[in-house]
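In what follows, a structure is listed as structure tokens, so that the remarks can point back to it.
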Amino acid sequence: DTGVSQDPRHKITKRGQNVTFRCDPISEHNRLYWYRQTLGQGPEFLTYFQNEAQLEKSRLLSDRFSAERPKGSFSTLEIQRTEQGDSAMYLCASSLPRVQGPYEQYFGPGTRLTVT
Amino acid sequence: SQELEQSPQSLIVQEGKNLTINCTSSKTLYGLYWYKQKYGEGLIFLMMLQKGGEEKSHEKITAKLDEKKQQSSLHITASQPSHAGIYLCGAPKQTGANNLFFGTGTRLTVIP
């Protein structure tokens, strides 16, 4: 059983360029989450999918950010016109739904973005 | 807004020593997650606590949830260098919430 995978692991880009990250969740996990983590901080929630539907977006997700999960399997996160403030680790997590109560979220290794 | 405060922020212990990390919420807890993170890597799921008074153990790590105190503790017995890393607590903002918010982490160093 493979865990959550993310690609690329590292990305260096120049300010103003567009970047796209991919996340492959654990198979059969229908919930997928994107978080962003800056140095010395805990992860911050960006957005969440249940199957292909994007059900929740954080105010952190500006208009330059867009996430998709077209077939309910892998997801992509695109950042347009990158800014230096976008430099961070972008983490993807997935989980199974639970009828009651919280549920375990399993994280991928992350994509570290550096905007120069 | 709700916050999770972790203490201590960093901890250096000699191999073989026991240690405790605390996570305190400013509001009601609807479950509490513990994760471990190696520098520059993703989060490794350790344990999830759902009910007040619940205690779970995995190998040498034990976590407890005190709902009344809005607090959780993570205890490591006989620490090893492999325990080194950043320990993060996370919680949903409300019951059934679909995302987690996290504390800023406790950096653990274990000296051989």
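Throughout, a chain's letter reflects where its sequence line sits, starting with A, and its residues are numbered from 1.
In summary, the aromatic rings of A:Phe107 and A:Tyr35 are positioned with their centroids under 6.0 Å apart.
Salt bridge status for B:Lys17 with B:Glu15: absent, with no side-chain N to carboxylate O gap under 4.0 Å.
Taking the ring centre of A:Phe74 as origin, the terminal cationic atom of A:Arg22 falls inside the region bounded by 6.0 Å and 45° from the ring axis.
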**Q.** Intermediate values then yes/no, salt bridge (charged side-chain N to carboxylate O under 4.0 Å, His left out), A:Glu83 and A:Arg81
**A.** CA-CA 7 Å; A:Glu83 301 172 357; A:Arg81 305 181 303 282; over 6 Å; no
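By number of non-hydrogen pairs under 4.5 angstrom with chain B, the leading residue of A:Gln37, A:Gln41, A:Gln50, A:His10 is A:Gln37. No other option in B:Leu100, B:Ile86, B:Thr104 has as many heavy-atom pairs under 4.5 Å with chain A as B:Leu100. Counting heavy-atom pairs closer than 4.5 Å to chain B, the top residue among A:Gly42, A:Pro43, A:Gly40, A:Pro109 is A:Pro43.
Within the 4.5 angstrom heavy-atom criterion, no atom of A:Glu44 approaches chain B. Contacts between B:Gln9 and chain A at a heavy-atom distance below 4.5 Å are absent for every atom of the residue. When heavy atoms are compared at a cutoff of 4.5 Å, A:Gln105 approaches chain B by way of both its backbone and its side chain. A:Leu46 does not touch chain B: none of its heavy atoms, backbone or side chain, sits under 4.5 Å away. Interface remark: B:Leu88 contributes side-chain atoms only to the contact with chain A (heavy atom separation under 4.5 Å).
The OH atom of B:Tyr87 lies 10.5 Å from the CG atom of B:Leu11; values are rounded to the nearest 0.5 Å. Going from atom CG of A:Leu113 over to atom CD1 of A:Ile79 covers 5.5 Å, rounded to the nearest 0.5 Å.
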